[in-house]
Amino acid sequence: MPRLRLTGRGLWITALIVPPLAVMVTFVAYPILSALAYAFYDWQGLQRGDFVGLANFHEVLFTEPFATWTRNAFVHNVIVFFSLMVIQNGFGFILAYALWRELPGAAFHRVAVFLPVVLSTVIIGFLWKLFFHPLFGPVNQIFRGLGLDFLAQPWLGQSSTALASLIFVNAWAWVGFPTLVFLAGMQRIPGEILDAARMETDSEWVVIKKIVWPLVAPSATVVFILLFIGSFNWFELPYIMVGLDGSPFGSTDVLGLYFYRTAFGNQSAGVQDFGRGSALAVITFLFIAIVAAFWTVRLRKREIQL
Amino acid sequence: MTKLMLRATIGLTALAVAAPAFAQDISFWSWRQEDREQYEQIIAAFEEQHPDINVTFEPFEAQNYNTILSTALAGDSGPDVMMVRAHGAFETVAAGGYLMPLTEETVPGLGSLPEAALAAETLSSDGQVYAVPFASQTMLVIYNKDIFDELGIEEPSTWDDLMAVSQTIEDAGMFAFANGTATAWQNETIVSALGSSIIGKDFYNDLVAGETDFTDPRFVEALEAVQEASQYFPDGFVGLDYASSQQLFASGMAGMFAGGSFEIANFLGQNPDLNLGVFPAPVAEEGDEHLVGLFFDGGYAGNADTEHPEAVQTFLSFLTTPEFGNMFANELGNISPIPGVEFESELLQEVAELNENSIPYIMLVHFRYEEPSGSVLLQAEVQRMLAGETTPEAAAQAVTDGIATYYEPFQN
């Protein structure tokens with residue numbers, strides 16, 4: 001009969017596993033589970049009241065005005081996800097391809113493209129807030145200097161341009177990440193395959209479509225899924241640039257800001273509701289987890305093992 | 001000899017261990033990181049009178065103060081004394097039993113404070129006072145006296161005067177107002193600063209009595225006035241955030257700033273050479289009463305579970321004295337509600353006088369403590385209105401409808 005003896009190797013393994021496991025349980029598993037539990041209670045500020053079943057979920061999803069707010073925030077997250085998918089990941093792929101083909105200045109651009117990724121979100125947010133300043137911001141100054149006065153807009157103050165401006169800043173800052181991942185994927189493509197392909201065709205497009213794109217599928221899986229998670233957890237950049245209210249009048253509101261306001265309150269709404277906030281967090285978490293899981297499985301299927 | 005030494009050592013050690021039990025250490029939390037130096041001076045003055053009490057000042061970042069404090073209180077690691085926000089903002093904390101109820105017996109001096117100030121510190125519907133009020137804030141128009149003198153214009157009294165003055169400043173190539181609307185809460189202060197006289201005491205009384213709602217012509221007229229004034233805001237003001245509009249005024253590029261009296265200290269801090277004046281919201285017609293919007297900012301509360309309740313009460317009592325009030329008013333540039341405070345600054349003296357004719361800052365005082373909060377609704381609707389995407393009537397209607405979801409008098 002095998003016995004678990006805490007000597008030598010066993011002890012060593014246990015000593016290595018227990019600390020990270022403890023950290024994970026305390027700081028990851030426990031908060032998620034407790035948020036899940038909080039969502040089923042009525043809260044009087046910080047005091048937990050009665051068990052109310054699914055009432056909090058019902059409120060955030062179906063009771064006005066919360067339902068409209070939730071829908072509004074969710075729609076914005078969806079817009080953010082699809083726009084970034086096209087701009088950030090699409091442009092990232094093109095940049096990666098240009099770097100991989102070693103166009104002139106590739107060494108410099110490899111660093112330049114990735115540089116903003118290293119900057120902290122706080123710095124990026126404040127920097128671009130200054131750039132978008134309606135009176136003195138460089139963005140409007142440049143447009144005016146070029147004689148394009150009609151483009152000198154209060155970008156962050158208009159409901160029609162605010163969200164697009166945030167998406168642009170996000171893409172500017174993080175395009176380096178998909179670029180790097182795609183580039184790594186491209187560099188893994190064996191030279192023989194490419195040489196063989198070039199013997200068949202002169203078309204760059206055919207090479208991209210038939211060889212490069214299918215073979216960087218694992219990289220695509222990673223950047224797609226991470227972008228999906230990031231888009232629905234979007235918080236720092238809108239928080240810094242447009243504030244907790246999703247200014248102007250909710251046109252940049254996203255689930256992250258909405259959750260924070262609901263659970264912790266803000267200066268203009270002296271109400272904290274952990275119950276509704278937790279319900280929102282749970283819904284967001286489940287949505288992200290389920291969609292990401294299904295999508296990962298699907299994306300994995302189209303990956304080719306060489 | 002060694003025995004004696006040993007005994008002496010033991011005796012001294014015991015004394016050293018017991019000593020902290022005689023001196024009472026209390027912690028004091030605040031959201032005013034920028035006021036640390038002044039608060040340390042105030043605490044030093046207190047400790048001089050009460051050598052047996054040590055107060056430690058611990059400031060936190062303002063935006064997250066509520067969250068930090070409520071989490072600490074819930075986790076039993078809260079401070080002994082703390083700054084709390086007034087009116088309903090801390091209702092959940094007070095109702096949770098975390099704060100010490102205060103009376104004239106436990107905190108002598110409390111009774112001498114104005115009733116409206118104490119009412120602001122009941123923090124919840126049970127009518128119990130939970131904090132010593134520390135400051136009132138006034139919504140009014142702050143103006144740059146040098147610009148007014150240079151252009152030969154005077155404080156406007158009526159709305160028409162204000163429009164004429166704004167036009168003159170703009171013609172001179174400056175911004176009439178520095179205000180922007182990109183930061184949501186600024187929209188609420190702008191309405192109160194410019195519209196209080198048009199809104200009027202009658203409307204306020206009717207509103208509180210449940211006899212009218214925000215679709216009342218008196219309130220809509222105030223929104224229309226704000227909309228009219230916004231033509232004199234800087235180009236692209238919808239994208240101008242709070243910090244930028246402060247800088248615009250502090251740098252002397254704009255003539256007026258519609259906002260709170262709390263801006264004064266900030267403006268002078270950014271630019272000590274500014275020569276500032278204040279005036280109340282202009283009236284619709286000559287002869288109407290000039291009013292400012294007023295709210296109480298916050299108070300000092302005690303922890304119900306403190307280990308040193310007497311020390312806490314002694315300290316809170318000190319915070320009701322004119323001695324503290326004078327330091328608070330003159331070192332920190334605030335309007336203290338303590339009777340008998342003498343303002344060294346003429347400007348603050350003037351604000352204190354304007355406060356005698358005021359209406360409350362309506363949403364903060366009455367409609368901020370249930371969802372959707374009146375403040376959030378008004379801020380968003382005014383922001384929308386000034387962006388040209390809604391009308392004053394529709395904005396007033398939307399605010400009323402939002403509040404009506406929980407406020408019965410609006411439901412018919």
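All values below come from the heavy atoms of this structure, side chains included, with hydrogens, waters and symmetry mates left out.
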Can you confirm whether [X] is buried at [atom1], in the sense that more than 12 heavy atoms of other residues, nucleotides or ligands lie under 6.0 Å from that atom?
X	atom1	value
A:F136	CZ	yes
A:F82	CZ	no
B:E408	CD	no
A:Y30	OH	no
A:F91	CZ	no

With rounding to the nearest 0.5 angstrom, report the [atom1] to [atom2] distance, [X] to [Y].
X	Y	atom1	atom2	answer
B:Q247	A:L135	CD	CG	11.5 Å
B:S244	A:F132	OG	CZ	13.5 Å
B:L377	A:F249	CG	CZ	14.5 Å
B:S375	A:D245	OG	CG	10.5 Å
B:D235	A:N140	CG	CG	10.5 Å

Interchain contact, [X] with chain A, by part (heavy-atom threshold 4.5 Å):
X	answer
B:E381	neither
B:M385	neither
B:F175	side chain
B:A387	side chain
B:L248	side chain

How close do B:A182 and A:S247 get, heavy atom to heavy atom, and via which atoms?
O-OG, 2.5 Å

Give the intermediate values and the outcome of side chain to side chain contact (heavy atoms under 4.5 Å, CB included) for residues B:V238 and A:Q158.
CA-CA 7 Å; B:V238 293; A:Q158 298 175 137; 4.2 Å; yes

Main-chain N/O of A:P248 paired with B:Q383 side-chain donor or acceptor, under 3.5 Å:
no

Using side chain to side chain donor-acceptor pair (under 3.5 Å), reason through A:S159 and B:E389 one step at a time and then give a plain yes or no.
CA-CA 9 Å; A:S159 56; B:E389 292 189 30; 2.7 Å; yes

Quick one: what part of A:W69 sits under 4.5 Å from any heavy atom of chain B, side chain, backbone, both or neither?
side chain

Just wondering, do A:H133 and B:D241 contact through their side chains at under 4.5 Å, heavy atoms?
no

